[in-house]
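Below is one structure, written out as structure tokens; comments come after it.
The chain is numbered in sequence order, starting from 1.
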Amino acid sequence: MGLLAGVAAVEITPPVGTMLAGFAARDHGAERVHDALHSKALVLDDGATRVCLITNDLIGLPGELVELIRGEVERTTGIPGANVMVNCSHTHSGPVLREGELPGVVARQVAGVARMAAERLAPARVGGGRGPVQVGINRRELRDGRIVLGRDASKPVAPWVDVLRVDTAEGAPLATLFMHACHPVTRAENSYEISADFPGVAQRLVEGVYPGTTAMFGQGCSGNINSEPVRGTWEDGRRLGTMLGGEVVKVRETIATTDEARLAVTHERVELPLQRIPPMEQVEREIAAAEKALAEAEGRSSAAATNMYKAFLATWRKLREMKEREEELEPMVFPLQGIAVGDTALMALPGEVFVEYALHAEEVSPFGQTLCLGCSNGSGTYVPTAAALEDGGYEVSFTPLWWGRLPFAAEMEGVLRDGIGRVLGRLRG
């Protein structure tokens, strides 16, 4: 039996009034819908292995929701949950998915689109390609002796788009999965409109060029890459999405397809170590500083700053209790997933992964084409390099405390790099 493929899409736009994710300074819910959000699924079957690739116009899905989705996909389709990849575009104009009924609703929608795709399996052809494009810039700028969220054109990016072309057996366009590494942040915290941002523009462009096809955007390793510009206008989003979508069309036209692509899946969980709790004297100083900052924020009636310093204070108090019990933070368990589609490998990592890990995957991969995806199979952490940990900045010093832990230890980079290499090596077989 040759290759089979099925694809489906469902709209997942939340109601107006839903709180939007990505900017802590937002103080009320969405006021309108600028453009719709979607969940899309591609199921591939080579006769021996069946995989499901899901993309979502969402900032991220917590690990527990991913496991719920995988379990439901396995129950309804027979596809092993371990063979399901769930990627999010990381749009900062989509819904918060932490509490209430919405997370469960979205999880059912995402699982449902996978079932729909599995029910549409038919003979297909597939192939991969890459083209040059860059709509973002490295955001870790050294300014006045410290790292800030800015722009630094001298630092790494991944200036390409990877494309997976899927056609019917007769050659008609069926699906176009494409991946690029860039935060969708063309709008700012004062925007209260629901949107898929520039990835949505790119997907609609591709679908307009190929009627009947489903375009799917996969977010790459964009932890330190912002759109260029950031906090701009809808016109900026249109322009960036058009640049990206135009290159996808160009690349798609160059791809040769086959109906004999072998599928394979492999996994590994690595443990990324965290820094040790500092001496008690420093912990007490941090608690005092957080208490002072919290009181000042409350005096200014700043909701965003108040919430931030409440989180910092709770973290340092927890760490003080652990220090008193002579405990340390456990390493973070970090799941890696590899999926092979012929000579194309998809390396899926959770969280907001720094682009340097995608560049490393390129170096060590035995495949002709390697898509290193972040924001996959879970969310809730930045994944920096050892050099970034030393330099400090928002992603490595600020957000860990917000999430209730200390930053990673420098040796985490070697652990993750080695894990990526092992997964890609096993995937090649």
Side-chain angles (χ1 to χ4, degrees), residues 22 59-60 87-90 92 134-143 146-162 179-185 218-228 230 270-275 331-337 346-365 370-403 405-421 423-424:
I59 195 165
N87 178 272
C88 293
S89 71
H90 203 59
H92 281 46
Q134 182 178 343
V135 301
I137 193 166
N138 197 300
R139 69 189 198 179
R140 287 179 55 80
E141 178 184 342
L142 181 63
R143 187 186 303 165
R146 64 189 186 97
I147 295 292
V148 299
L149 295 180
R151 55 190 308 278
D152 188 340
S154 70
K155 290 182 178 176
V157 294
W160 61 74
V161 61
D162 281 300
M179 185 214 73
H180 185 62
C182 181
H183 260 72
V185 285
Q219 181 59 261
C221 295
S222 61
N224 51 348
I225 310 297
N226 266 353
S227 59
E228 175 72 335
V230 63
V270 296
E271 293 188 349
L272 304 184
L274 304 180
Q275 294 178 12
M332 180 178 290
V333 178
F334 201 74
L336 313 180
Q337 180 189 41
L346 289 84
M347 181 77 224
L349 310 173
E352 300 178 59
V353 183
F354 275 32
V355 73
E356 286 87 347
Y357 291 102
L359 303 179
H360 171 70
E362 287 286 307
E363 294 176 358
V364 302
S365 177
T370 301
L371 287 68
C372 196
L373 297 126
C375 299
S376 299
N377 304 329
S379 59
T381 186
Y382 280 96
V383 187
T385 62
L389 286 165
E390 183 176 349
D391 291 340
Y394 169 79
E395 305 94 339
V396 301
S397 303
F398 173 92
T399 57
L401 294 173
W402 180 273
W403 290 322
R405 63 169 176 83
L406 289 174
F408 287 111
E411 54 266 32
M412 60 79 64
E413 179 174 346
V415 173
L416 183 51
R417 282 174 173 258
D418 290 346
I420 290 170
V423 167
L424 289 170

Rounded to the nearest 0.5 Å, what separates atom [atom1] in [X] from atom [atom2] in [Y]?
{"X": "Met179", "Y": "Cys221", "atom1": "CE", "atom2": "SG", "answer": "7.0 Å"}
{"X": "Ser222", "Y": "Asn138", "atom1": "OG", "atom2": "CG", "answer": "11.5 Å"}
{"X": "Leu359", "Y": "Cys372", "atom1": "CG", "atom2": "SG", "answer": "9.0 Å"}
{"X": "Met347", "Y": "Leu371", "atom1": "CE", "atom2": "CG", "answer": "12.0 Å"}
{"X": "His360", "Y": "Thr385", "atom1": "NE2", "atom2": "OG1", "answer": "13.0 Å"}
{"X": "Leu424", "Y": "Glu362", "atom1": "CG", "atom2": "CD", "answer": "10.0 Å"}

Considering non-hydrogen atoms only, spot the tightest contact between [X] and [Y] and give its length.
{"X": "Gln134", "Y": "Pro159", "value": "OE1-CB, 3.7 Å"}
{"X": "Val383", "Y": "Tyr357", "value": "O-CE1, 3.6 Å"}
{"X": "Glu141", "Y": "Asp152", "value": "CA-CB, 4.4 Å"}
{"X": "Ser397", "Y": "Gly392", "value": "OG-CA, 3.6 Å"}
{"X": "Cys182", "Y": "Gly136", "value": "SG-CA, 3.7 Å"}
{"X": "Leu274", "Y": "Leu406", "value": "CD2-O, 3.9 Å"}

Task: Pairing residues for His180 by the ring pair (Phe, Tyr, Trp, His ring centres under 6.0 Å) criterion, not counting sequence neighbours - done: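 His180: no ring pair (Phe, Tyr, Trp, His ring centres under 6.0 Å) contacts found.
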- [ ] Tell me, please, which residues at least two apart from Phe334 pass ring pair (Phe, Tyr, Trp, His ring centres under 6.0 Å).
- [x]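 Scan of Phe334 (ring pair (Phe, Tyr, Trp, His ring centres under 6.0 Å), adjacent residues dropped) gives none.
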Taking the side chain as every heavy atom from C-beta outward, state whether [X] and [Y] have any pair of such atoms under 4.5 Å apart.
{"X": "Glu352", "Y": "Glu395", "result": "no"}
{"X": "Leu416", "Y": "Leu336", "result": "yes"}
{"X": "Asp391", "Y": "Val396", "result": "no"}
{"X": "Leu389", "Y": "Pro407", "result": "yes"}

Task: salt bridge (Lys or Arg N to Asp or Glu O under 4.0 Å) partners for Arg151, two or more places apart - done: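 Testing Arg151 for salt bridge (Lys or Arg N to Asp or Glu O under 4.0 Å), a comparison that skips the adjacent residues, returns Glu228.
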Task: Which residues share a salt bridge (Lys or Arg N to Asp or Glu O under 4.0 Å) with Arg417, sequence neighbours left out - done: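 Scan of Arg417 (salt bridge (Lys or Arg N to Asp or Glu O under 4.0 Å), adjacent residues dropped) gives Glu413.
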TODO: List the steps and the verdict of side chain to side chain contact (heavy atoms under 4.5 Å, CB included) for His183 and Val230.
DONE: CA-CA 9 Å; His183 260 72; Val230 63; over 6 Å; no
Task: Aromatic ring pairing His92/His90, orientation class (parallel under 30°, perpendicular over 60°, tilted between) - done: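 It falls in the perpendicular class, over 60°.
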Open item on the list: My understanding is that only residues two or more places apart in sequence, or in another chain, count here; which of them pass side-chain hydrogen bond (donor to acceptor under 3.5 Å, both in side chains) with Glu356?
Closed with: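 side-chain hydrogen bond (donor to acceptor under 3.5 Å, both in side chains) list for Glu356, sorted by chain: Asn224.
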Open item on the list: Test side chain to side chain contact (heavy atoms under 4.5 Å, CB included) on Asp162 and Thr370; report intermediate values, then the result.
Closed with: CA-CA 8 Å; Asp162 281 300; Thr370 301; over 6 Å; no
- [ ] Applying side chain to side chain contact (heavy atoms under 4.5 Å, CB included), name anything that partners Cys88, two or more places apart in sequence or on another chain.
- [x]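 In terms of side chain to side chain contact (heavy atoms under 4.5 Å, CB included), with neighbours along the sequence ignored, Cys88 is linked to Asn56, Leu58, Leu61.
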Open item on the list: Is it the case that the side chain of Asn87 and the backbone of Gly374 share a donor-acceptor pair, with hydrogens and angles ignored and the cut-off at 3.5 Å?
Closed with: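 Checking the backbone N and O of Gly374 against the side chain of Asn87, a donor-acceptor pair under 3.5 Å is found.
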- [ ] Could you please spell out the steps behind the side chain to side chain contact (heavy atoms under 4.5 Å, CB included) verdict for Tyr382 and Phe354?
- [x] CA-CA 8 Å; Tyr382 280 96; Phe354 275 32; 4.2 Å; yes
